[in-house]
Amino acid sequence: NRGDPAAGGGAGVAGQPAVALVVKTLNNPFFIEMQRGAEEAAKKAGVNLIVQAADREVDVERQMQIIENLIERKVDALCIAPSGSREIVPVIVKANRANIPVLIVDTRADEQALAAAGGKIATFIGSDNFDGGRLAGAFIVEKLGGKGNVAVLEGIAGHETGDARLRGFKEAVAKAPGIKVVASQPANWERDQGYNVFQNILQANPSIDALFACNDLMALGAAEAIAAAGKRGKILVVGFDAQPEARTAIQNGTMAATVAQFPARMGATAVENAARLLRGETIETFSPVSIELIK
Amino acid sequence: MSKPDQPATRDDASDRAPSPGASAGGVQPAVTRSGTAAGSRWPRLFAHSARQLGTFGGLIGLCLVLWILTPHFLTVSNLLNIAQQTSINAIIAVGLTFVIINGGIDLSVGSIVAFSGVVMASVLARAVPVPIAVLAGLGAGSLCGLINGVLISFGRLPPFIATLGMMSVARGGALLYSDGRPISGFGEGFRWLATGEVAWIPVPILLMIAVYAVAHFVLRRTPFGRYVFAIGGNEEAALLSGVPVRRYKTLVYGASGLLSGLAAVVLTARLNSAQPIAGISYELDAIAATVIGGTSLMGGQGSVVGTLIGALIMGVLRNGLNLLGVSSFVQQLVIGAVIILAVLMDMTFKRPKR
Amino acid sequence: MSKPDQPATRDDASDRAPSPGASAGGVQPAVTRSGTAAGSRWPRLFAHSARQLGTFGGLIGLCLVLWILTPHFLTVSNLLNIAQQTSINAIIAVGLTFVIINGGIDLSVGSIVAFSGVVMASVLARAVPVPIAVLAGLGAGSLCGLINGVLISFGRLPPFIATLGMMSVARGGALLYSDGRPISGFGEGFRWLATGEVAWIPVPILLMIAVYAVAHFVLRRTPFGRYVFAIGGNEEAALLSGVPVRRYKTLVYGASGLLSGLAAVVLTARLNSAQPIAGISYELDAIAATVIGGTSLMGGQGSVVGTLIGALIMGVLRNGLNLLGVSSFVQQLVIGAVIILAVLMDMTFKRPKR
Amino acid sequence: MNAPSPVLSLRDIRKAFPGVIALDGVDLDLQAGEVHVLLGENGAGKSTLMKIISGAVARDSGDIVFEGVPVELTGPRHAQELGIGIIYQEFNLVPHLTAAENILLGREPKLFPGVIDQRRLVREAQQQLDDLGVALAATERVSRLSVAQQQMVEVAKALSLNARVLIMDEPTSALTTQEITELFDAIRRLKERGVAIVYISHRMEELFAIGDRVTVLRDGRHVGTRAIGETTMTALVRLMVGRDLTEHFPKREAAIGEEILRVEALRRNGVLHDVSLSLRRGEVVGLAGLMGSGRTELARAIFGADRIDGGQIFVHGKPCAIRSPRDAIALGFGFLTEDRKQQGLVLVLSVQENICLPSVSRLARAGCTQPARETEMTAQRIAELRIKTPGPHQRVMNLSGGNQQKVVLAKWLCTEADILIFDEPTRGIDVGSKVEIYQLINQLAARGAAILMISSELPEIIGLSDRILVMNGGRIAGEFTAAEATQEKLLAAALGKN
Ligand SMILES: Nc1ncnc2c1ncn2[C@@H]1O[C@H](COP(=O)(O)OP(=O)(O)OP(=O)(O)O)[C@@H](O)[C@H]1O
Ligand SMILES: Nc1ncnc2c1ncn2[C@@H]1O[C@H](COP(=O)(O)OP(=O)(O)OP(=O)(O)O)[C@@H](O)[C@H]1O
Ligand SMILES: [Mg+2]
Ligand SMILES: [Mg+2]
């Protein structure tokens, strides 16, 4: 068959099974890490890997289109990091109809919705944003000795990834009555807004002891704002995603901690499982990827 | 004051027919007739589409390329798939075509999609009959649109400002109304609007076709459509000719809101969920489709036929890039380049001889 | 054809002064003089700003409200914050003001910020002297802008399309170039551009002021500026008056690119990191600032003074909402509402009598 | 005037614009079946008064009585419903719509409610145009029509209203003799139907051809109403400008020098066919022709505004390729366009910015514009041409039609051009100012400039030119010396009869 898409697909040799990894967006180092892990695994496992993503992390309809198109392209297996846990279900069902196994990565597909629609997924590989939020919360509570003023930088309002992380965090800090969340403002996942918004928050609440940012980009932006305000080291900054930059920031003390979800490992595990499925082996329906706090 | 912006020149061009290029492949007659067509409607219609033939060429070219590059492109199921994926943007773009021909702009469509989506979903959740819920959604959309219209025609706000404001007001409204959480899980009856088929054709495609048929008729054959052109071409002249400018301006934005509402219906049924963050940056896609389709942002000229072609170009492009498994960075680059090339081709075809 | 779009009417208004409101606080004379001003330049300048006085009133009003609502607003450090936070948008908006007065639009500014940012950062990473790296960044920005310009003035593309294309091309370019990863960690020398102060005033603010001073001068006192207005007001007339329309159009987009590059410098120094995904939807903020500032999207009229006020309104608003700790949902609602109200107030003040 | 009660009467109308009192207590009575001529200098307030009647402008004070009942006009639509129709001085057509669609805009015939009967629309519009004897397809897009053709579309539009009161604000300013006769026939037909017509024009001869009564405005004040029969041209002019005019076409004895422009076999496919002509220093050459004869196209082609398909242009004997207006201007050309709104002016900019536009870069010092010098230059032209404006910074869109025309003229007087092409230079200019403009043209010639003057006013052409070229169908159809030229000869040549 002339110029089969494997060309352009980048990885691999024609004739090998094609595995697609559809992430939320590639404009985010987290998923670039995931892609890297997946590509390495793909080489080992000998599959053609196609990585696709929407431009915007929140654009689940676009992600749906991409998956539909990959179904048309008749890939052999689909690994999906859903931009919306419920919204992804209809297209999972489409994949089922086309007998393409679906592996969910990073963000769960909603169980009830899946059940209601009679959709099936081969496995879920990942960890829970909610737990991550709780980890971060617990860490701050511990570090502050149970009392202090905390600020939060939210992601795009109404985006469930951030929502879950936030709920987890709030639950954890709720346990410590001494902890006050004095400000919780959106910075839309973005670094520059993280800077501006936290700079403004500092104006209103000079006595902030800790900051939880729903992703590292916002945390890194805020860290710069803290430095600019001459408060370096005085405010505990906790991020999420454990991006390389955040790790270095922790080493040189501008950040205190970040929640690591090991995207590379998720990507790798997903591809390996896909390969095994295609080889007819059975795989367990949940492969947890540890979620831990990098301090 | 005259505004010889490109679209304008472009248009002259296709009028001052006998410029060789104007024939995007032997359509010369069509073009020439555009000038002199007798009143009867066919040459008229033909003439109008003539202006889109360049763009249409672009679409065909694109399809040919993809057909050569991948066996998966030219299959019935994939073409239906593309049409379905295009339908949402295409429906919104119709509204924008009206607005832009009218000399305005509407940035709020994406947020209106989100707002009417959650409104409709919340009604559905109360197990109200589907048609009523749908009406609620369409109503919410129209309402936002009419508010835009009133701000613009009675409040004299620049359309850009009014709809930019509505863009974030409607978004905020959607978030507040839904408390920031998606509302999902609807009955088959409602889902049918996205998943159903009539004579093997998916419902969204039928909706799209219906919308375009109606829109084309309204634009070309009714006073409303005539006034949309007149106001966009020369608001003062329209006013002095006794056209109730404000009323029609308001209605145009209302229509845009209504169509955003309709898009929300399809989107919600498709995802089986209404998200308060749905539709972000939809306005860009819709405007792009409209302008690629040859509608002038200066107002006064354009056609829905062109817009449909524009929307399809974008749909086909995205689909093709996915089929080819192009990396998403390269995709952005290619999409941009193709948009430019598509219109550039069109332009150079039609470049008037100074 | 005359195009009495709101901005136009709005502007007439301030000429046909004696409508009571036009005096946003005893500025009556200024406004009337805009009609009758004698040749000397001061009344002239005054006259021009007069058109912005409504908006300025809006800004003051906003500040008063915030001053009453929170003690943290009216402090030196906070005002400096606002100025700093505004500087990036303000610098980009200058470019857009030129483009829009010229009768065009530029959607690619945000992507250009990202692109020139990563280019500059990659040069810095090679431990090249700072000035050279900065020049590289500015160069990259200007290049993108000039490409826009050429596509528009020689390729005859609608500005919307050309820059929409560039928007995604430059974004793709930035992502490819940086492999999607941010480039961070620069020397103090470079960081100084964001963190440094001269006479207690942060460098970004000084840069902003400098840019506005130059831009205002260019727009009001050089042939270039005059041509920008003329082309935007009536391209055909400008052409027939011997204005080298294409050259100047190209330059205008080049300038916009250059300023995006400058914004990238400030942004990168500020965040100590250059990101391929920086600047998303910056174009909306910049266009909003410009239009709130009274520049007409129809072209031919506007001022950078107004744009600065527009940018400040948005900066103050965002800052205030953070200070007040308004919930994220409500924030969107409020921002939209305020934008609408600000301009609406301005409008109703200036509503012309039939 | 104790005639039967007037259809429309205005009492003590006042209207002020910033810096200008446009109308200062004007009275006017309109009788059914009369052609009431409104006369006045540029900026006297004629158009404003008419816009008030048509509901386009709101008066500050005064009464409007229509058929005996006082009316509060709410807007153009209201006026239309009352049966008041108007042809505005500045065109108000929608460029991208066809002539037919413009003519019946807002009054489209319906197939059934909500659906336009396009066939009938075109038929009715075409009928209107044919009645006016305009050779023009109703399906032509207005953006493609020449000014004259657009003017005729405006006329057709107004006639199609079947109005009781019909206002014509300088309907003939862009027309040639042929269309004017057609128009006058139409007006006479309307008179018989008892329509009351207000007729504004600066072409004095027309008043006596068509007018019944004439009202004169000066500086927004009503200075007198006369029956045409009982007055004379000079009397009216005195009323109008407040003084006697020196002879209409001031003669000049400029020494005609060497040739500075020669055009050989200029071709532009479809419009111009092997046009050759030459201009010499100090010479005024008139270019006559009917509407659509290609005069404007010729001017545009020479000036580099349109691409040419063949031919050579020599300036000062040297062949030169003129690719753009910029090239032309660099070679010392100046081109006053016939269509001030579309091509002549940047309406949103000030008088000064418009007048100085071609000269900005020349005046600039060290890359900076020289506002002081520009204002000085502008002030000089404002005085010289008696441009009625509150100041050099008034936006051109707020000037009266004639004053706008003067601004376009001033624009080119400020350049140092010595080859000037004037396309309908006196369009919409009042008698007083015309004489001054004629004198200016003579001065320019005396200073050694060469002038090519396109005009549809034959008296003007004959009175001013040393030599007259007549165009027909894109060709030079005849050449006459000032001495031998008569209106009849020119017309014959223009119609292609020799
Ligand atoms: N919208 C406006 N704003 C300010 N001044 C105006 C406006 N419209 C008209 N004027 C002024 O009112 C005066 C009368 O204008 P008007 O157009 O009635 O003159 P006119 O008699 O029609 O002159 P012309 O013979 O040149 O058409 C002029 O001085 C003009 O500058
Ligand atoms: N912008 C245009 N586009 C297409 N055709 C045009 C345009 N302007 C003029 N024409 C046509 O070109 C021919 C010459 O027009 P032109 O205006 O040069 O005639 P003219 O002798 O100047 O008469 P007028 O008094 O109408 O200007 C006419 O048939 C006219 O309809
Ligand atoms: Mg007038
Ligand atoms: Mg002409």
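Source: prediction; values computed, not measured. Chain A is the first sequence line, chain B the second, and so forth, proteins listed ahead of strands; every chain is numbered from 1.
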Testing the basics here: between [X] and [Y], what is the closest heavy-atom pair and its distance to 0.1 Å?
X	Y	answer
B/N322	A/N69	OD1-ND2, 2.8 Å
A/V60	B/Q275	CG1-OE1, 3.1 Å
B/S328	A/A53	CB-O, 4.0 Å
B/N272	A/P90	CB-CG, 4.1 Å

Could you grab the distance from atom [atom1] of [X] to atom [atom2] of [Y], nearest 0.5 Å is fine?
X	Y	atom1	atom2	answer
B/N78	A/E72	CG	CD	4.5 Å
A/E61	B/R270	CD	CZ	4.5 Å
A/D55	B/S281	CG	OG	8.0 Å
A/E68	B/I82	CD	CD1	11.0 Å
A/I88	B/L271	CD1	CG	8.5 Å

Need one label for [X]: side chain, backbone, both or neither, based on atoms under 4.5 Å from any heavy atom in chain B.
X	result
A/L26	both
A/I156	side chain
A/A116	neither
A/I32	side chain

For residues B/R181 and A/R86, determine if any side-chain heavy atom of one lies less than 4.5 Å from a side-chain heavy atom of the other.
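Of all side-chain heavy-atom pairs linking A/R86 with B/R181, none is under 4.5 Å.
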Quick one, B/R318 and A/R62 - any side-chain contact, counting heavy atoms below 4.5 Å?
yes
Please walk me through it: do A/D59 and B/I280 pass side chain to side chain contact (heavy atoms under 4.5 Å, CB included)?
CA-CA 7 Å; A/D59 194 345; B/I280 288 176; over 6 Å; no
Expected output: side-chain A/Q52 to main-chain B/V326 donor-acceptor under 3.5 Å
yes
Between [options], which residue shows the highest count of heavy-atom pairs closer than 4.5 Å to chain A?
options	value
B/G180, B/A194, B/A174	B/G180
B/P182, B/G185, B/P276, B/G172	B/P182
B/R171, B/R191, B/Q332	B/Q332

Name the option with the most non-hydrogen atom pairs under 4.5 Å to chain B; the candidates are A/M64, A/Q112, A/E87, A/H159.
A/E87
Pick from A/V89, A/I66, A/N27 with the largest number of heavy-atom pairs that fall under 4.5 Å of chain B:
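Most heavy-atom pairs within the cutoff with chain B belong to A/I66.
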Which bit of [X] is near chain A, if near means a heavy-atom gap under 4.5 Å: side chain, backbone, both or neither?
X	value
B/F329	side chain
B/T75	side chain
B/N319	both

